[in-house]
Amino acid sequence: MVLLKRTHELTSAVVGAPPNRDMLPRELTLLDDDDQVYDNYVENTTDPGSTLLLIAIVVCACSLASLPLAVALGKRYLKGHIREEDDDDNSDSSSSSTENEVDDQPTALLQRPRRVYTSLLHFFVDALVRWRANRSEQHVSHGIVREGRASLSNIPHNTTFDSDGNTETALQLAPYNSQQLRDMRKVNCSCKTLKYMCTLAKCDNESKRILRLAVPFMISNMAKTLGALLSLAFISQNLGTDAMVAFAMVEVIVGTSSSFLNGWIEAISSLGSQAYGAENYELLGQYVQVSFMVYTACQIPIACVWGFSMKSIILLFGFNHATADIASNFVWVWVVYDLMESLYVGFLDFLEVIGKETYTMVFYCTMAACEVGLVYLFATLTDANLVVIGLVMVTNKCLFVFLTILISTLTNWTKPYEFGLIGEFGWKNREATRAIFRTALPLAFGGLLAYAEWEVLTVFAAFLGPAEAATWAILGFVWDVFESTTEAIGDASEIRCAYQLGKGRPEMAKISAYKSMLLGLVVSIMITITFLLLSDHLPSWLTKDPTIQDMLTELFPLVGLGNVTMTVGMVCWALIGAQGRYRLATSINMACSLLITVPLGAITTIWLRINLQGLTFSVVCGYVICGLVLTVFLLLSDWEKLAEKIRERVANGELEIESFSDDSSSSSSSSSSASEKSYGTEQNLYDGTKLDIDEGKEVRIELAARYKKNESELSA
C-alpha cells in the first residue's frame, strides 16, 4: 500500500509538470529535486545481507578445490577413450582398406566442408562461435605479425637446438633452457610444485611480450568503456538522476539492435583480411562499401522504431514520466550517434586490415578523450540538457570521422582501394554481396546472443522495481570497464599462444598460456582491490540519488568477486580459441549462460524476490562454473597435436606465421619453388632471422659448434 501511495504521488506530481522537462533550464529542474528521484523509495524485495556473498565465496573455493580432481578424471577418461579408439582402428584396418579401394566417393563427400544446421540451437551456437572467433581473429592475425617483426629486430648471438632439429633463440626461450623445458614436461597439469609456479611468475621475455601486447589493447578498450562511464558520471552530477537514467536506459535498449546490426561491420575484418591477403584491393573496397550501405539501410527503420516507442518502453520498465520524456527526446540523437560510431569503427577496422592498427588506436583514443572532455565542459559550464549533450557527442564523432578519412586520403593509405570504395557500385558484384550476407548474418545473431544475457537480466531487474532497473543499468557501465581490461589480457594471451603454436613450440605455448592465466589472475585481483577501496566513493561519483548509491554499495563486493572469476574464464576462453577450438569454448560459455546464469537470475528475482544481489550472484556463479570447465579443458589440452594441426594450417596458407617482413615477402614467395628443390639459399630460424647457408662451410661449422656446445652443457 505504501508503494502504491508513493507511485500515486509521483504520478500526480508529474501530471502537473511541463511535458518536456528536459528542455527547461537547469535552475528550474533543480527545484524539483531531481537528484533524489528515488528518495524514500520502498523496496519490495528481500535483503539477503552477506549470505549470497559467503555462498559465492564458498562456490569459488569449492571450484578451485575440485580442479585437480576434475583434471584427474579428465585424464583417466581421455586415456580410456584413446585406448578404445586404438582398438577400433586395429580391428577395422583391414575392412576399411578394402572399402576404400572399392568406392572412394563416400569419403570424398565426407571430406567436403559442408555445414548442416540440424536444429535452431545449432544455428545459434554456430553464429555465436563465428562472432567470437571473428572478434579475436583480427587481433590474433595482426598480433602475430607484430610479434614476428619484433623477434626479427632482436637478432640473437646464439641459437639453441632441440632434439628434432628445430631452432629457437636464447632470447625467446630465456630463462628456459632445454633441461628446464624437459623438467616441465614431467610436471602434471595441476601445477602443484612451488618451483613451477615461481618459474611462471618470473618476469622473463615471454611475460614482457604478453604485457607489451596487453597494455595497448587495454588502453584501446578502456578508452571506450571508461569514457562512457565518465560521461555517465558527468551527466548524473550536473543534469540530475532523471537524465542519467534516461541516458543509461537508452544506451542499453538501443544496444540490442546495435549488437545485431554490427554483424555487417564486423564482416569487414573477416572478409577484408581474405581480400587483402589475396591482394584483391578492389574487392576489399567493395566489401567495405556494401557493409556500410547494408548497415545504414537497416539502421534507419530501426532508429524510427526506437524513436517512436522509447517512451512506452521506459514507462513499461516502471520509470516516471519525466524520465520517459527525456528518453523519448534523447533517443533520436543517440541513434545518430550509434550510426556514426559503428561506421567509424568499421572504417578503423578497414585501416587495421591494411596494417594501420597503431594509428587506429591513436585515432580512437583521441576521439574518446575529446568526447569526455566536451561532455564535461558542456555539462558543468553551460545549461545544456541531455539532448544538447548528445548533439555535442554526435558532432565530435562526425568531426573525427572526417579527420580520419582526410588523413587516410592525404597519406595515400586508401588510394589502392578507392576504386572499390567509391569508384563503382558495390551491389553489382553479386558474389561479394552474397559473401557479405553469408558472413554477416551469423555474426549478427552471434552478437545478439552475446548481448542478450545482460538484456534479459535487465528485464529481471525491472521486475524488482524502477530503482533496481536504474541501478542495474549503471552497474553495466562499471562491468564494461572490467571486461575491457579482461578482454585485453585475453587478446594478448591468445596472440602469444597462437604464435608459439604456429612456430611449432608446444611447450612454449603451454608456458605462455599458464603465464597468461597467472597474469590475468594477478591483474584482476589488483583491480578488484582498487575497486573495493573506492567502493565508498564511487557510488557518490556516479549518482546523487541516495537509494541508488546504497544499492550500488551493496553490489560492489559481489562485483569484485565476479571480476576475478570473469577474468579466469575469459582468458581461458581466449587460450582455447588460440588452439583453434572456438566452437568448444563458445559452446561452454553459452551453456553456462543458458543453464546457470539466466535460470538462477530468474529464480532469485521473480520467485524469491531477492534484491539485485541475487542477479549479481547468478552472474558470479555462471562465471565460476564457466571458468572451471574452460580451465579443465585447457589443462587437458594435447599441445603437441594442437601444434601439429596449426602447423598444417600454416602449410596450407590458412595462417601467416613465417612471412613477417614486408620487404622480403615478394622475394621469398618468388623463390619458394626453387628453395624447395635446392634446400634454399636461406634458412628461416624461428625468431625470423635468416642465415645464408650457401656462403661457405663457415656457417655450417658455426652452427655445428653451437649444437655441440649446447649438448655438452645439457649433459653437464
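We use all heavy atoms of the structure for the numbers below, so side chains are in, but hydrogens, waters and symmetry mates are not.
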| said: My understanding is that only residues two or more places apart in sequence, or in another chain, count here; which of them pass ring-ring contact (aromatic ring centres under 6.0 Å, His included) with Phe363? | reply: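 Phe363 satisfies ring-ring contact (aromatic ring centres under 6.0 Å, His included) with no other residue.
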| With sequence neighbours excluded, what pairs up with Phe477 under the ring-ring contact (aromatic ring centres under 6.0 Å, His included) test? |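 Applying ring-ring contact (aromatic ring centres under 6.0 Å, His included) to Phe477 gives none.
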| Worked verdict on Tyr623 versus Val619 for side-chain contact (heavy atoms from CB on, under 4.5 Å) | CA-CA 6 Å; Tyr623 280 137; Val619 174; 3.4 Å; yes
How long is the straight-line distance from [atom2] of [Y] back to [atom1] of [X], given to the nearest 0.5 Å?
{"X": "Ile407", "Y": "Thr414", "atom1": "CD1", "atom2": "OG1", "result": "12.0 Å"}
{"X": "Leu229", "Y": "Asp480", "atom1": "CG", "atom2": "CG", "result": "9.0 Å"}
{"X": "Met218", "Y": "Leu226", "atom1": "CE", "atom2": "CG", "result": "12.5 Å"}
{"X": "Leu230", "Y": "Ile235", "atom1": "CG", "atom2": "CD1", "result": "11.0 Å"}
{"X": "Ile436", "Y": "Ile268", "atom1": "CD1", "atom2": "CD1", "result": "7.0 Å"}
{"X": "Leu213", "Y": "Ile489", "atom1": "CG", "atom2": "CD1", "result": "12.0 Å"}

With a 4.5 Å limit on heavy-atom distance, are the side chains of [X] and [Y] in contact?
{"X": "Thr256", "Y": "Tyr451", "value": "yes"}
{"X": "Pro216", "Y": "Met361", "value": "yes"}
{"X": "Phe482", "Y": "Thr567", "value": "no"}
{"X": "Ile253", "Y": "Phe317", "value": "yes"}
{"X": "Met367", "Y": "Asn396", "value": "yes"}
{"X": "Phe247", "Y": "Ile326", "value": "no"}

Which heavy atom of [X] sits nearest to which heavy atom of [Y], and what is that distance?
{"X": "Val250", "Y": "Ala327", "value": "CG2-CB, 3.8 Å"}
{"X": "Leu630", "Y": "Gly569", "value": "CD1-O, 3.3 Å"}
{"X": "Trp573", "Y": "Ala585", "value": "CD1-CB, 3.2 Å"}
{"X": "Ala243", "Y": "Leu386", "value": "O-CD2, 3.5 Å"}
{"X": "Leu348", "Y": "Thr360", "value": "O-CG2, 3.4 Å"}
{"X": "Ala578", "Y": "Leu501", "value": "O-CD1, 3.9 Å"}

| task | Name all residues meeting the salt bridge (charged side-chain N to carboxylate O under 4.0 Å, His left out) criterion together with Glu279; count only those two or more places apart in sequence or in a different chain, and write none if there are none. | result |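 Listed in chain order: nothing, the list is empty.
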Taking distance alone, no hydrogens or angles, what donor-acceptor pairs closer than 3.5 Å link side-chain atoms of residues 397-404 to residues at least two apart or in another chain?
from: Lys397; atom 1: NZ; to: Glu341; atom 2: OE1; distance (Å): 2.2
from: Thr404; atom 1: OG1; to: Tyr344; atom 2: OH; distance (Å): 3.0
from: Thr404; atom 1: OG1; to: Phe400; atom 2: O; distance (Å): 2.7

Please check this pair: side chain of [X] against backbone of [Y], looking for a donor-acceptor N/O pair closer than 3.5 Å.
{"X": "Ser236", "Y": "Leu232", "result": "no"}
{"X": "Ser220", "Y": "Phe217", "result": "no"}
{"X": "Thr395", "Y": "Leu391", "result": "yes"}
{"X": "Thr296", "Y": "Met293", "result": "no"}
{"X": "Gln289", "Y": "Leu421", "result": "yes"}
{"X": "Ser408", "Y": "Trp413", "result": "no"}
{"X": "Ser493", "Y": "Gly490", "result": "yes"}

| request: I would like to know whether Val387 and Trp332 meet side-chain contact (heavy atoms from CB on, under 4.5 Å); could you show each step before the answer? | output: CA-CA 9 Å; Val387 175; Trp332 294 103; over 6 Å; no
| request: Any chance you could lay out the side-chain contact (heavy atoms from CB on, under 4.5 Å) test for Asn329 and Asn385, step after step, and finish with the verdict? | output: CA-CA 11 Å; Asn329 295 325; Asn385 52 44; over 6 Å; no
| task | Establish, from distance only, whether the side-chain atoms of Asn262 and Ser342 form a donor-acceptor pair under 3.5 Å. | result |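 Side-chain D/A pair, Asn262 to Ser342: present.
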| field | Mutual orientation of the aromatic rings belonging to Phe437 and Trp264 [parallel < 30°, tilted 30-60°, perpendicular > 60°] | value |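 Plane angle over 60°, so perpendicular.
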| Trp479 and Trp454 aromatic ring geometry - parallel, tilted or perpendicular at 30°/60° bounds |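 Judged by the thresholds at 30° and 60°, the geometry between Trp454 and Trp479 is tilted.
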Contacts under 3.5 angstrom, residues 301-313 side chains, donor-acceptor by atom type, not counting sequence neighbours:
from: Trp306; atom 1: NE1; to: Ser257; atom 2: OG; distance (Å): 2.9
from: Ser309; atom 1: OG; to: Val305; atom 2: O; distance (Å): 2.5
from: Lys311; atom 1: NZ; to: Asp325; atom 2: OD1; distance (Å): 3.1

| field | Contact list for residues 400-427, test salt bridge (Lys or Arg N to Asp or Glu O under 4.0 Å), sequence neighbours left out | value |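 Non-adjacent pairs meeting salt bridge (Lys or Arg N to Asp or Glu O under 4.0 Å): zero.
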| query | Is atom CZ of Arg434 surrounded by more than 12 heavy atoms (other residues, nucleotides or ligands) closer than 6.0 Å? | reply |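 Yes, CZ of Arg434 has more than 12 neighbouring heavy atoms, counting only those of other groups under 6.0 Å.
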